Asker: 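To start, I am sharing the structure in question, which I have written as C-alpha coordinates.
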Amino acid sequence: MPSTNSVVRSMHDLGLAAWFGGTLMGAVGLNGAAAEAKDPTERLALSSKGWARWAPVNAAAIGAHVIGGVGLIGANTSRVAAQPGARSNTAVKSVLTVAALGLTAYSGVLGRKVAEGAHTGGAGATEPSASTSKETADAQRQLKLVQWALPAVTGTLVVLGAVQGEQQRPQQLVKAQLSRIPGVSRVG
(Lines give C-alpha, C1' and ligand atoms only; values in the text may rest on other atoms or scores of the structure.)
Protein backbone atom coordinates (compact mmCIF):
# COMPACT_ATOMS: atom_id res chain seq x y z
CA MET A 1 0.00 0.00 0.00
CA PRO A 2 1.42 3.44 -0.82
CA SER A 3 2.58 5.66 2.03
CA THR A 4 0.18 8.43 0.95
CA ASN A 5 -3.47 8.10 0.17
CA SER A 6 -4.00 11.28 -1.84
CA VAL A 7 -6.09 9.66 -4.56
CA VAL A 8 -8.58 7.85 -2.30
CA ARG A 9 -8.68 10.77 0.14
CA SER A 10 -9.45 13.13 -2.76
CA MET A 11 -12.15 10.79 -4.06
CA HIS A 12 -13.65 10.59 -0.56
CA ASP A 13 -13.58 14.33 0.07
CA LEU A 14 -14.52 15.63 -3.39
CA GLY A 15 -17.31 13.09 -3.74
CA LEU A 16 -18.75 14.09 -0.37
CA ALA A 17 -18.34 17.79 -1.16
CA ALA A 18 -20.35 17.40 -4.36
CA TRP A 19 -22.98 15.24 -2.64
CA PHE A 20 -23.43 17.76 0.20
CA GLY A 21 -23.21 20.85 -2.00
CA GLY A 22 -25.54 19.47 -4.64
CA THR A 23 -28.24 18.59 -2.16
CA LEU A 24 -28.03 21.96 -0.44
CA MET A 25 -27.98 23.94 -3.69
CA GLY A 26 -30.88 21.90 -5.04
CA ALA A 27 -33.03 22.48 -1.97
CA VAL A 28 -32.25 26.18 -1.74
CA GLY A 29 -31.43 27.24 -5.30
CA LEU A 30 -33.15 24.91 -7.73
CA ASN A 31 -36.35 24.28 -5.80
CA GLY A 32 -36.48 27.89 -4.64
CA ALA A 33 -36.07 29.24 -8.17
CA ALA A 34 -38.56 26.76 -9.63
CA ALA A 35 -41.16 27.99 -7.13
CA GLU A 36 -40.92 31.42 -8.77
CA ALA A 37 -42.20 30.17 -12.15
CA LYS A 38 -45.54 31.75 -13.06
CA ASP A 39 -47.17 28.54 -14.31
CA PRO A 40 -47.81 26.05 -11.42
CA THR A 41 -47.17 23.04 -13.71
CA GLU A 42 -43.88 24.55 -14.82
CA ARG A 43 -42.72 24.76 -11.19
CA LEU A 44 -42.71 20.99 -10.78
CA ALA A 45 -41.43 20.33 -14.30
CA LEU A 46 -38.44 22.69 -13.95
CA SER A 47 -37.45 21.31 -10.58
CA SER A 48 -37.80 17.73 -11.80
CA LYS A 49 -35.73 18.42 -14.92
CA GLY A 50 -33.01 20.10 -12.88
CA TRP A 51 -32.79 17.20 -10.43
CA ALA A 52 -32.76 14.71 -13.33
CA ARG A 53 -29.77 16.52 -14.86
CA TRP A 54 -27.97 16.46 -11.51
CA ALA A 55 -28.64 12.76 -10.83
CA PRO A 56 -25.75 11.31 -12.93
CA VAL A 57 -23.26 13.77 -11.45
CA ASN A 58 -24.56 13.00 -7.97
CA ALA A 59 -24.25 9.25 -8.61
CA ALA A 60 -20.64 9.72 -9.72
CA ALA A 61 -19.92 11.86 -6.65
CA ILE A 62 -21.46 9.28 -4.33
CA GLY A 63 -19.51 6.48 -6.04
CA ALA A 64 -16.25 8.41 -5.66
CA HIS A 65 -17.00 9.10 -2.00
CA VAL A 66 -17.79 5.45 -1.24
CA ILE A 67 -14.74 4.12 -3.14
CA GLY A 68 -12.55 6.71 -1.43
CA GLY A 69 -14.00 5.87 1.98
CA VAL A 70 -13.43 2.15 1.54
CA GLY A 71 -9.90 2.90 0.33
CA LEU A 72 -9.18 5.04 3.39
CA ILE A 73 -10.51 2.40 5.76
CA GLY A 74 -8.31 -0.17 4.03
CA ALA A 75 -5.26 2.08 4.22
CA ASN A 76 -5.87 2.90 7.89
CA THR A 77 -7.08 -0.48 9.16
CA SER A 78 -4.55 -0.72 11.98
CA ARG A 79 -5.19 2.85 13.16
CA VAL A 80 -8.97 2.39 13.01
CA ALA A 81 -8.64 -0.84 15.00
CA ALA A 82 -6.25 0.58 17.61
CA GLN A 83 -7.40 4.18 18.09
CA PRO A 84 -10.77 4.27 19.91
CA GLY A 85 -11.74 7.68 18.53
CA ALA A 86 -10.96 6.62 14.98
CA ARG A 87 -12.88 3.39 15.43
CA SER A 88 -16.04 5.08 16.73
CA ASN A 89 -15.83 7.90 14.18
CA THR A 90 -15.51 5.39 11.34
CA ALA A 91 -18.48 3.42 12.64
CA VAL A 92 -20.66 6.54 12.91
CA LYS A 93 -19.56 7.72 9.45
CA SER A 94 -20.41 4.31 8.01
CA VAL A 95 -23.90 4.34 9.50
CA LEU A 96 -24.53 7.92 8.33
CA THR A 97 -23.24 7.11 4.85
CA VAL A 98 -25.71 4.24 4.59
CA ALA A 99 -28.46 6.57 5.84
CA ALA A 100 -27.50 9.21 3.25
CA LEU A 101 -27.52 6.55 0.52
CA GLY A 102 -31.01 5.50 1.60
CA LEU A 103 -32.23 9.09 1.71
CA THR A 104 -30.75 9.74 -1.74
CA ALA A 105 -32.46 6.68 -3.21
CA TYR A 106 -35.74 7.61 -1.54
CA SER A 107 -35.52 11.19 -2.83
CA GLY A 108 -35.10 9.76 -6.32
CA VAL A 109 -38.27 7.69 -5.93
CA LEU A 110 -40.17 10.71 -4.60
CA GLY A 111 -38.75 12.94 -7.32
CA ARG A 112 -40.03 10.57 -10.01
CA LYS A 113 -43.50 10.68 -8.44
CA VAL A 114 -43.43 14.48 -8.45
CA ALA A 115 -42.23 14.51 -12.08
CA GLU A 116 -45.05 12.16 -13.08
CA GLY A 117 -47.59 14.46 -11.43
CA ALA A 118 -46.05 17.73 -12.64
CA HIS A 119 -49.07 18.34 -14.90
CA THR A 120 -51.23 18.84 -11.77
CA GLY A 121 -49.05 21.77 -10.67
CA GLY A 122 -47.89 22.91 -7.28
CA ALA A 123 -47.19 25.99 -5.19
CA GLY A 124 -43.52 25.00 -5.32
CA ALA A 125 -41.30 22.01 -5.97
CA THR A 126 -42.09 20.58 -2.53
CA GLU A 127 -45.27 22.52 -1.74
CA PRO A 128 -48.57 21.28 -3.16
CA SER A 129 -51.42 23.54 -4.22
CA ALA A 130 -55.16 22.93 -4.38
CA SER A 131 -54.76 21.56 -7.93
CA THR A 132 -52.00 19.08 -7.01
CA SER A 133 -53.03 15.42 -7.15
CA LYS A 134 -53.04 13.55 -3.84
CA GLU A 135 -50.19 11.22 -4.92
CA THR A 136 -48.04 14.14 -6.05
CA ALA A 137 -48.84 16.16 -2.93
CA ASP A 138 -47.89 13.24 -0.68
CA ALA A 139 -44.58 12.85 -2.53
CA GLN A 140 -43.93 16.60 -2.29
CA ARG A 141 -44.51 16.64 1.48
CA GLN A 142 -42.12 13.74 1.99
CA LEU A 143 -39.58 15.26 -0.40
CA LYS A 144 -39.67 18.50 1.58
CA LEU A 145 -38.34 16.61 4.62
CA VAL A 146 -35.83 14.52 2.68
CA GLN A 147 -34.41 17.56 0.85
CA TRP A 148 -33.31 19.00 4.21
CA ALA A 149 -32.32 15.69 5.80
CA LEU A 150 -29.79 14.99 3.04
CA PRO A 151 -27.62 18.09 3.50
CA ALA A 152 -27.89 17.66 7.27
CA VAL A 153 -26.59 14.08 7.11
CA THR A 154 -23.93 14.73 4.45
CA GLY A 155 -22.87 17.91 6.27
CA THR A 156 -22.40 15.84 9.42
CA LEU A 157 -20.21 13.49 7.38
CA VAL A 158 -18.06 16.48 6.36
CA VAL A 159 -17.63 17.42 10.04
CA LEU A 160 -16.77 13.83 11.01
CA GLY A 161 -14.17 13.79 8.22
CA ALA A 162 -12.60 16.90 9.74
CA VAL A 163 -12.56 15.17 13.14
CA GLN A 164 -10.78 12.20 11.57
CA GLY A 165 -8.19 14.55 10.12
CA GLU A 166 -7.55 15.93 13.60
CA GLN A 167 -7.26 12.38 14.96
CA GLN A 168 -4.32 11.81 12.63
CA ARG A 169 -2.26 14.60 14.15
CA PRO A 170 0.92 13.21 15.70
CA GLN A 171 -0.03 14.17 19.26
CA GLN A 172 -3.36 12.34 18.92
CA LEU A 173 -1.62 9.23 17.62
CA VAL A 174 0.85 9.32 20.52
CA LYS A 175 -2.01 9.68 23.03
CA ALA A 176 -3.77 6.71 21.50
CA GLN A 177 -0.66 4.55 21.69
CA LEU A 178 0.16 5.58 25.27
CA SER A 179 -3.40 4.87 26.40
CA ARG A 180 -2.92 1.24 25.32
CA ILE A 181 -0.03 0.74 27.76
CA PRO A 182 -1.23 -0.65 31.13
CA GLY A 183 -0.47 1.66 34.04
CA VAL A 184 0.10 4.78 31.91
CA SER A 185 -2.40 7.51 32.72
CA ARG A 186 -3.97 9.51 29.93
CA VAL A 187 -1.61 12.09 28.48
CA GLY A 188 -2.73 15.72 27.94
Side-chain angles (χ1 to χ4, degrees), residues 1-36 46-81 83-112 114-115 124-126 142-173 176:
M1 183 78 37
S3 61
T4 63
N5 306 112
S6 299
V7 172
V8 292
R9 187 176 304 277
S10 295
M11 290 174 69
H12 174 272
D13 293 352
L14 288 172
L16 181 55
W19 193 4
F20 166 72
T23 60
L24 187 59
M25 192 292 296
V28 175
L30 176 59
N31 288 350
E36 299 295 319
L46 287 173
S47 176
S48 296
K49 286 178 184 179
W51 282 109
R53 285 183 177 219
W54 174 247
V57 175
N58 198 39
I62 292 167
H65 172 68
V66 170
I67 291 168
V70 169
L72 286 173
I73 291 170
N76 291 285
T77 302
S78 60
R79 187 176 71 79
V80 169
Q83 189 178 5
R87 184 173 45 248
S88 61
N89 186 301
T90 300
V92 170
K93 277 183 68 181
S94 297
V95 168
L96 288 177
T97 299
V98 170
L101 288 167
L103 286 167
T104 300
Y106 190 52
S107 73
V109 169
L110 294 171
R112 279 189 289 286
V114 170
T126 59
Q142 293 171 54
L143 198 53
K144 186 171 190 152
L145 299 174
V146 173
Q147 80 173 356
W148 296 112
L150 266 167
V153 173
T154 54
T156 301
L157 287 169
V158 170
V159 171
L160 290 172
V163 170
Q164 281 184 324
E166 291 298 311
Q167 290 171 335
Q168 288 183 304
R169 289 177 172 266
Q171 64 268 32
Q172 294 300 318
L173 296 172

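Nothing here was measured: the structure is a model prediction, and the numbers come from that model. Quick note: numbers below take in every heavy atom, side chains included, and nothing from hydrogens, waters or symmetry partners. One-based numbering along the sequence shown.
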Asker: Is the number of heavy atoms from other residues, nucleotides or ligands within 6.0 Å of CZ (R53) greater than 12?
Answerer: no

Asker: Report the distance from atom OG1 of T90 to atom CG of N76, rounding to the nearest 0.5 Å.
Answerer: 8.0 Å

Asker: Could you tell me the separation between the CG atom of L72 and the OG1 atom of T77, rounded to the nearest 0.5 Å?
Answerer: 10.5 Å

Asker: Starting at CG of L145, measure out to OG of S107 and round the result to the nearest 0.5 Å.
Answerer: 12.5 Å

Asker: Over all heavy atoms of both residues, which pair between A18 and A61 is shortest? Give the atoms and the distance, please.
Answerer: CB-CB, 3.6 Å

Asker: Atom CG in L150, atom CG in L103: separation rounded to 0.5 Å?
Answerer: 5.0 Å

Asker: Kindly give the heavy-atom pair with the smallest separation between T23 and W51, and that separation in Å.
Answerer: O-CH2, 4.1 Å

Asker: For A100 and V153, work out which heavy atoms get closest and say how close.
Answerer: CB-CG1, 3.8 Å

Asker: Provide the closest heavy-atom pair for S47 versus L30 in the form atom of the first, atom of the second, distance.
Answerer: O-CD2, 3.8 Å

Asker: Once you round to the nearest 0.5 Å, how far does CZ of R9 lie from CG of L14?
Answerer: 12.0 Å

Asker: Going through the checks in order, is the side-chain contact (heavy atoms from CB on, under 4.5 Å) test met by F20 and T156?
Answerer: CA-CA 9 Å; F20 166 72; T156 301; over 6 Å; no

Asker: Within a strict 4.5 Å, meaning less than it, do heavy atoms of the W19 and V158 side chains meet?
Answerer: no

Asker: Quick one: closest heavy-atom pair of Q167 and A86, and the distance?
Answerer: OE1-CA, 3.4 Å

Asker: For the pair H65 (side chain) and H12 (backbone), establish whether a donor and an acceptor sit closer than 3.5 Å, ignoring hydrogens and angles.
Answerer: yes

Asker: Rounded to the nearest 0.5 Å, what separates atom CG in N89 from atom CG in L160?
Answerer: 5.0 Å

Asker: Say whether, by atom type as modelled, one donor and one acceptor occur between the side chain of Q142 and the main chain of L110 under 3.5 angstrom.
Answerer: no

Asker: Looking only at heavy atoms, what is the nearest atom pair of T154 and L16, with distance?
Answerer: O-CD1, 3.9 Å

